[in-house]
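This is a predicted model, so every value here is computed, not measured. Only heavy atoms go into these numbers, but all of them, side chains included; no hydrogens, no water, no symmetry mates. Lettering of chains follows the sequences in order, A, B, ..., and the numbering in each one begins at 1.
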Amino acid sequence: MTIKTRFAPSPTGYLHIGGARTALFSWLYARKMQSKFILRIEDTDRERSTQASVDAIFEGMDWLQLNYDEKPVYQTQRFDRYAEIIQQLLDEGKAYRCYCSKQRLDDLREQQMRDKQKPRYDQKCRSSDTHQHNDDSNKQDYVIRFRNPKEGVVEIDDLVRGTITIANSELDDLIIARSDGTPTYNLTVIVDDLDMGISHVIRGDDHINNTPRQINIMQALGKTPPKYAHVPMILGADGKRLSKRHGAVGVMQYRDEGYLPHALLNYLVRLGWSHGDQEVFSRQEMIDLFSLEGVNKSPSTFSPDKLLWLNQHYLKTLPLDEIAAEMQWHIKAQQLDISQGPALTEVIKAQRERAKTLVDLVANSRYFYEDFAEFNFNAAKKHFKTATPAILQALHDALADVSEWQESTLHAAIMQVCETMDLKLGKVGPPLRVAITGTAMSPSLDVTLKLVGRERSLARILTAIAFNQAKYA
RNA sequence: GUCCCCAUCGUCUAGCGGUUAGGACACUGCCCUUUCACGGCGGUAACCGGGGUUCAAGUCCCCGUGGGGACACCA
């Protein structure tokens, strides 16, 4: 069998975390099997679908580097094909026109709920219809319903759940075409999955209930359904389905907050899937190791903490230039000019283990590129003491004498000041750090000085001396 | 309400009849240390309940309970 998977989002908003994960699973499965993965835009709901959402989905897929094979398919461009199938179903008596008003349907549903019944269509038009109303000149509004089998059961051989059985008596005659003639979801998916040769449908388990209906339509068409793999939902901290209420759900929001796409992918792949105790996966490992058998059956809760840990992990371990590339967007966003100062990769190397996000990384690295307007209040309060001017002056003089502005020589100069003043590094280092960076946290002093550079460093020490003298005058 | 699905530390999970129930995040103790971090070594913490099946059940079956999902002229 030729394997082919798809991701079929409806463009009614951005690409969210849950969608990204099913896209990832589908993508991984296709890549592992060395087969095709395609993207299909399910935009048949013209009320809610927008071009902005379509673009947002592309942007998200692109950022995560989930590449698809073939051009994206838009369902709105396939209306003729759906109409053809609907007509076929009608001709073969497998579908029928229903003239029930919305009002009647609403009342019916209400009544059934009151009677503690599962709301469903009562098949009023199932038999009365057919021929007399088949004349399209009839002005009366109608929808087209699928004639669902009344007896028997539908068995779904789900690749992650095992066998799921649903009685046809639980299903009703679903609408496959609206009164304006446009096709509905359950019809379009199956036509597309069939036409496109999708072999494995990997989707959220909120679709489990739709699956038997879809299988019935496919069987009415004389076709063999694809294989199904329903992956569990992602829940928020309160155990409810993940939504806006739980904070960031849009994939691009994670870019904005400073996450690396690989960190998000790694987090997502481990949510509902596992390979023994392994937590960290490269892209290639994900592809090689992924399997539907490894997918969990139970829903899982999204943990921002673990995502953050993974992000930090990748910040510490990914190649410097890869991080530098991801960092560009944030450098622009935070309006930092890095043209005057040390090489970005050097700064990343020095700073990477004290940042959890790219936002932090950029924000904490400003002083390498530009002078700061004032000293951090708490840092100055804690480390600038009455003895500070003398210490800084000694450091300034010693550093000014350094011939090669290198880590080893800078370190030696600082140690020398400690020795001549008979002070521990703990007394000398902190004020120097505040003087050079304006804050109480930075890489080790020699590295920091080296990167900030001779001119800037000496000037900042002088500024700090003046600040202290004014303060203690 | 009806139907479908699910159930191991707070969270993500390993486990696929016999384990001192393992790992990771978070939390926490100690060490390292010029700051902040990183790192290293420890610690607290789980099989939802009740019945079976079996020599033996976290693992299999049933019933409860709890949670999630579906029940649209949305996808």
K.L.:
Taking atom C1' in both B/rU20 and B/rC47, what distance in whole Å separates the two?
P.N.:
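After rounding to an integer number of Å, I get 15 Å for this pair.
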K.L.:
With a centroid cutoff of 5.5 Å and a plane-angle limit of 30°, would you call A/His230 stacked on B/rG69?
P.N.:
no
K.L.:
Whole angstroms only, please: what is the CG-P distance between A/Leu361 and B/rA37?
P.N.:
16 Å
K.L.:
Atom CG of A/Leu171 to atom C1' of B/rA72: distance rounded to whole Å?
P.N.:
15 Å
K.L.:
Among side-chain atoms of A/Gln51 and A/Asp55, is any donor-acceptor pair under 3.5 angstrom?
P.N.:
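Note: A/Gln51 and A/Asp55 side chains meet the donor-acceptor criterion.
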K.L.:
In this structure, how many angstroms lie between the P atom of B/rU35 and the CD atom of A/Glu353, rounded?
P.N.:
14 Å
K.L.:
Within the pair A/Lys297 and B/rG68, is there a side-chain N or O less than 4.0 Å away from OP1 or OP2?
P.N.:
no
K.L.:
Does any N or O donor sit under 3.5 Å from an N or O acceptor when you compare the side chain of A/Glu279 with the base of B/rG23?
P.N.:
yes
K.L.:
Base, sugar-phosphate, or nothing for A/Arg120, non-hydrogen atoms under 4.0 angstrom?
P.N.:
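Result for A/Arg120 = nothing.
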K.L.:
Using distance alone, with no hydrogens and no angle criterion, decide if A/Asp173 and A/Tyr96 have a side-chain donor and acceptor under 3.5 Å apart.
P.N.:
yes
K.L.:
Distance only, no hydrogens: is a donor on one side chain within 3.5 Å (strictly under) of an acceptor on the other, for A/Gln75 and A/Asp43?
P.N.:
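No pair is found: no donor N or O on one side chain lies under 3.5 Å from an acceptor on the other.
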K.L.:
Between the base of B/rC74 and the side chain of A/Arg48, is there any donor-acceptor pair under 3.5 Å?
P.N.:
yes
K.L.:
Does B/rU19 have a Watson-Crick or wobble mate here (both distances under 3.5 Å), and if so which one?
P.N.:
none
K.L.:
Go through the steps for A/Asp180 and A/Thr182 under the test side-chain hydrogen bond (donor to acceptor under 3.5 Å, both in side chains), then give the verdict.
P.N.:
CA-CA 6 Å; A/Asp180 65 0; A/Thr182 58; 2.7 Å; yes
K.L.:
Just N and O in the side chain of A/Lys240: are any of them under 4.0 Å from OP1 or OP2 of B/rG68?
P.N.:
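Yes, within the criterion.
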K.L.:
Determine which nucleotide pairs with B/rA24, using a 3.5 Å limit on both distances of a Watson-Crick or G-U wobble pair.
P.N.:
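Across any shown strand, B/rA24 pairs with B/rU11.
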K.L.:
Rounded to the Å, how far apart are A/Glu47 CD and B/rA72 C1'?
P.N.:
13 Å
K.L.:
Expressed as a whole number of Å, how far does the P atom of B/rC16 sit from that of B/rC74?
P.N.:
48 Å
K.L.:
Closest approach to the side chain of A/Lys116, judged atom by atom: which nucleotide of B/rC36, B/rA70, B/rG1 is it?
P.N.:
B/rG1
K.L.:
Do the side chains of A/Asp371 and A/Thr463 get nearer than 4.5 Å, heavy atoms only?
P.N.:
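When only atoms from C-beta onward are counted, A/Asp371 and A/Thr463 do not touch, as no gap falls below 4.5 Å.
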K.L.:
For B/rG29, what is the paired nucleotide under Watson-Crick or G-U wobble rules, both distances under 3.5 Å?
P.N.:
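Paired with B/rC41.
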K.L.:
Please report the distance separating the P of B/rA14 from the corresponding atom of B/rA24, rounded so that it comes out in whole Å.
P.N.:
15 Å
K.L.:
How many whole angstroms separate atom CG of A/Asp277 from atom P of B/rC12?
P.N.:
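Roughly 16 Å, once rounded to whole Å.
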K.L.:
Give one of base, sugar-phosphate or nothing for A/Arg114, where a contact means two heavy atoms less than 4.0 Å apart.
P.N.:
nothing
K.L.:
Quick check for you: among B/rC71, B/rG39, B/rG69, whose closest atom lies nearest to any side-chain atom of A/Lys118?
P.N.:
B/rC71
K.L.:
Taking atom C1' in both B/rU11 and B/rA26, compute the distance separating them and give it to the nearest angstrom.
P.N.:
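Those two atoms are separated by 8 Å.
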K.L.:
So, is A/Gln75 close to the B/rA75 phosphate, meaning a side-chain N or O under 4.0 Å from OP1 or OP2?
P.N.:
no
K.L.:
Please determine, by modelled atom types, if A/Gln111 and A/Arg114 share a side-chain donor-acceptor pair under 3.5 angstrom.
P.N.:
yes
K.L.:
For A/Ser442 and B/rC36, is the shortest distance between a side-chain N/O and OP1 or OP2 below 4.0 Å?
P.N.:
no
K.L.:
So, does A/Thr301 get its side chain near the phosphate of B/rC12, meaning an N or O under 4.0 Å from OP1 or OP2?
P.N.:
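Checking A/Thr301 against B/rC12: at least one side-chain N or O falls below 4.0 Å of OP1 or OP2.
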K.L.:
Please pick, from B/rC25, B/rA75, B/rG1, the nucleotide with the shortest atom-to-atom distance to any side-chain atom of A/Lys306.
P.N.:
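Nearest to the side-chain atoms of A/Lys306, counting from C-beta on, is B/rC25.
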K.L.:
Ignoring hydrogens and geometry beyond distance, is the side chain of A/Arg178 in donor-acceptor contact with the base of B/rC73 at under 3.5 Å?
P.N.:
no
K.L.:
Taking atom P in both B/rA37 and B/rC27, compute the distance separating them and give it to the nearest angstrom.
P.N.:
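So the two P atoms sit 12 Å from each other.
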K.L.:
With a 3.5 Å cut-off and heavy atoms only, can you find an N or O donor on one side and an acceptor on the other between the side chain of A/Ser179 and the base of B/rC73?
P.N.:
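In this structure, the two groups form a donor-acceptor pair.
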K.L.:
Measuring to OP1 and OP2 of B/rA70, would you say a side-chain N or O of A/Arg241 lies under 4.0 angstrom away?
P.N.:
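Checking B/rA70 against A/Arg241, a side-chain N or O does come within under 4.0 Å of OP1 or OP2.
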K.L.:
Using the ring centroid of each side chain, check whether A/Tyr267 and A/His313 are separated by less than 6.0 Å.
P.N.:
no
K.L.:
Under a 3.5 Å limit for both distances, which nucleotide forms a Watson-Crick or G-U wobble pair with B/rU59, could you say?
P.N.:
none
K.L.:
Just by distance, no angles: are the side chains of A/Thr188 and A/Thr44 close enough, under 3.5 Å, to form a donor-acceptor pair?
P.N.:
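Judged by distance alone, the side chains do not pair up.
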K.L.:
For A/Gln278 and B/rG22, give me the distance from atom CD to atom C1', rounded to whole Å.
P.N.:
16 Å
K.L.:
Check the distance between B/rC74's C1' and A/Asn210's CG and give it to me in whole angstrom.
P.N.:
10 Å
K.L.:
Would you mind reading off the distance between A/Leu308 atom CG and B/rA24 atom C1', rounded to a whole angstrom?
P.N.:
15 Å
K.L.:
In whole Å, measure the gap between the C1' atoms of B/rA7 and B/rC48 for me.
P.N.:
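To the nearest whole Å, 8 Å.
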K.L.:
Expressed in whole Å, how much space separates the C1' atoms belonging to B/rA46 and B/rC61?
P.N.:
24 Å
K.L.:
Distance between the C1' atoms of B/rC25 and B/rG17, in whole angstroms?
P.N.:
31 Å
K.L.:
According to the Watson-Crick and G-U wobble definitions, with both distances under 3.5 Å, which nucleotide is paired to B/rC3?
P.N.:
B/rG69
